[in-house]
Amino acid sequence: MTLASWNVNSLNVRLQHVRNWLESNPVDVLGIQELKLIDEKFPTAAFAEAGYQTAAFGQPTYNGVAIAHRHEAQDIERNIPGYPDSQSRVISATLNMASTQIRLVNAYFVNGQEPGSEKFAYKLEWLAHLERYVAEQLAQHQHVVLMGDFNITASDQDSWDPNGLKETIHHTTIERQALLRLLALGMLDSFRAFEQAEKSFSWWDYRMLGFQKNRGLRIDYVLISESLRPALTRSWIDRAPRKWPKPSDHAPVLVELDMARLDSST
DNA sequence: ATGTCCAGTATCACTGGA
């Protein structure tokens, strides 16, 4: 099965891109971030026509996340229990496969704007609650996937200019430590499980010819629980939609799992 | 530090993104 994560930067504007992309990339699951629309405006019918059920968690103007899935899903959860948040950033679902289940957490991490700002404090607080939430998911579910727009570069190799941007937003030590703590819970950065080209990024600034010059960041991830490592066969970033007219500034990140490789006897 | 590019609001200038 194939899972993908994509920050579409307004589903209103990008719906046709998503439909076109799903047509040539008929993934089993797509986690979407930055819907920028309310639930009443979520294009349920368009996804149904494409063969996907959906669970959405929107809000006016900003944020918003959704899961489009071909398999049956249950136990939909919105945001982080125990952490009241007016911003719609997390949606989770349990996906039923033939013989097993995957708990999927799709998240739009806080941007944080600038270290030291109020928004940065919110980012760190949100990250702490997410860590607790993922730990709970791992305790309750055999297989867990955490995907989304993390708004953090995991290391210098995930930035086009790690020296010039040292300790700026997405590059600070404290953000990276938060991401490392997520991994330390027993999650794997699926992209780095394979050899990848240097300067592989998932986001490029609209300005200053960012994409043409490949001045980007890798800030979109699909983390899988260690339990799924035997099933991991491929992980990649699809840069193609970033070349389309009026693109999202993010590219989809994909993971391929061969669930048949999991030893169900253990 | 600043400019620059994009989306949304009910605009004609602002916030927020990253």
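Remember, predicted model here, so these are calculated numbers, not experimental data. Side chains included, hydrogens not; waters and symmetry mates left out as well; all remaining heavy atoms used.
Note on A/His250: only backbone sugar-phosphate atoms sit closer than 4.0 angstrom, heavy atoms only; bases stay farther off. Residue contacts shown for A/Asp149 are limited to sugar-phosphate atoms, with no base heavy atom under 4.0 Å away. Backbone-only engagement by A/Asn12 is indicated by non-hydrogen atom pairs under 4.0 Å involving sugar-phosphate atoms exclusively. Contact annotation for A/Phe150: no contact, since no heavy-atom pair falls under 4.0 Å across all strands. Within 4.0 Å of A/Arg215, counting heavy atoms only, lies no atom of the nucleic acid at all. Residue-level contact check: A/Asp205 touches the bases, meaning some heavy atom is under 4.0 Å from a base atom. Among the heavy atoms of the strands lying under 4.0 Å from A/Asn7 are primed sugar atoms or P, OP1, OP2 only; no base atom is included.
Taking atom C1' in both B/dA10 and B/dC14, one finds a spacing of 13 Å when rounded to whole Å. Comparing B/dT11 with B/dT15, their P atoms are spaced 15 Å from each other, to the whole Å. For B/dA18 and B/dA7, the P atoms lie 13 Å apart once the distance is rounded to whole Å. A distance of about 28 Å separates the C1' atoms of B/dC12 and B/dA1, rounded to the whole Å.
Ring pair A/Phe201/A/Trp160: centre-to-centre distance not below 6.0 Å. Taking the centre of each ring, A/Trp244 and A/Trp21 stay at or above the 6.0 Å mark.
Rounded to whole angstrom, the span from the CG atom of A/Asn111 across to the C1' atom of B/dT15 amounts to 12 Å. For the pair A/His170 NE2 and B/dG16 P, the interatomic distance rounds to 15 Å; values are reported in whole Å. Rounded to an integer number of Å, the gap from A/Arg14 CZ to B/dC5 C1' is 12 Å. For A/Tyr206 and B/dG16, the OH to C1' distance is 13 Å, given to the nearest whole Å. With rounding to whole Å, A/Tyr62 atom OH is found 18 Å from B/dC6 atom P. Put simply, CZ on A/Phe211 is 17 Å from P on B/dC5, counting in whole angstrom units. Between A/Lys123 atom NZ and B/dG17 atom P there is a gap of 10 Å when expressed in whole angstrom units. Rounded to a whole Å, the CH2 atom of A/Trp204 is 16 Å from the P atom of B/dC6.
With DNA chain B read from its 5' end, the first of the two nearest nucleotides for A/Tyr108 and A/Pro60 is the one closest to A/Pro60.
Distances shorter than 4.0 Å separate none of the side-chain N or O atoms of A/Asn9 from OP1 or OP2 on B/dC6. The phosphate of B/dG8 has OP1 or OP2 within less than 4.0 Å of a side-chain N or O from A/Ser10. Look at A/Lys246 and you won't find any side-chain N or O under 4.0 angstrom from OP1 or OP2 of B/dC5.
Between A/Tyr133 and A/Val105, some side-chain heavy-atom pair lies under the 4.5 Å cut-off. With a 4.5 Å cut-off on side-chain heavy atoms, A/Leu35 and A/Val65 do not count as touching.
Test A/Phe120, A/Phe150, A/Trp126 against A/Val110 for side-chain contact (heavy atoms from CB on, under 4.5 Å) and you get one pass: A/Trp126.
Across the strands present, B/dG17 finds its partner in B/dC5; the criterion is a Watson-Crick or G-U wobble pair with both atom distances under 3.5 angstrom.
A cation-pi arrangement is found for A/Arg70 relative to A/Tyr52, the charged atom lying closer than 6.0 Å to the ring centre and inside a 45° cone about the ring normal.
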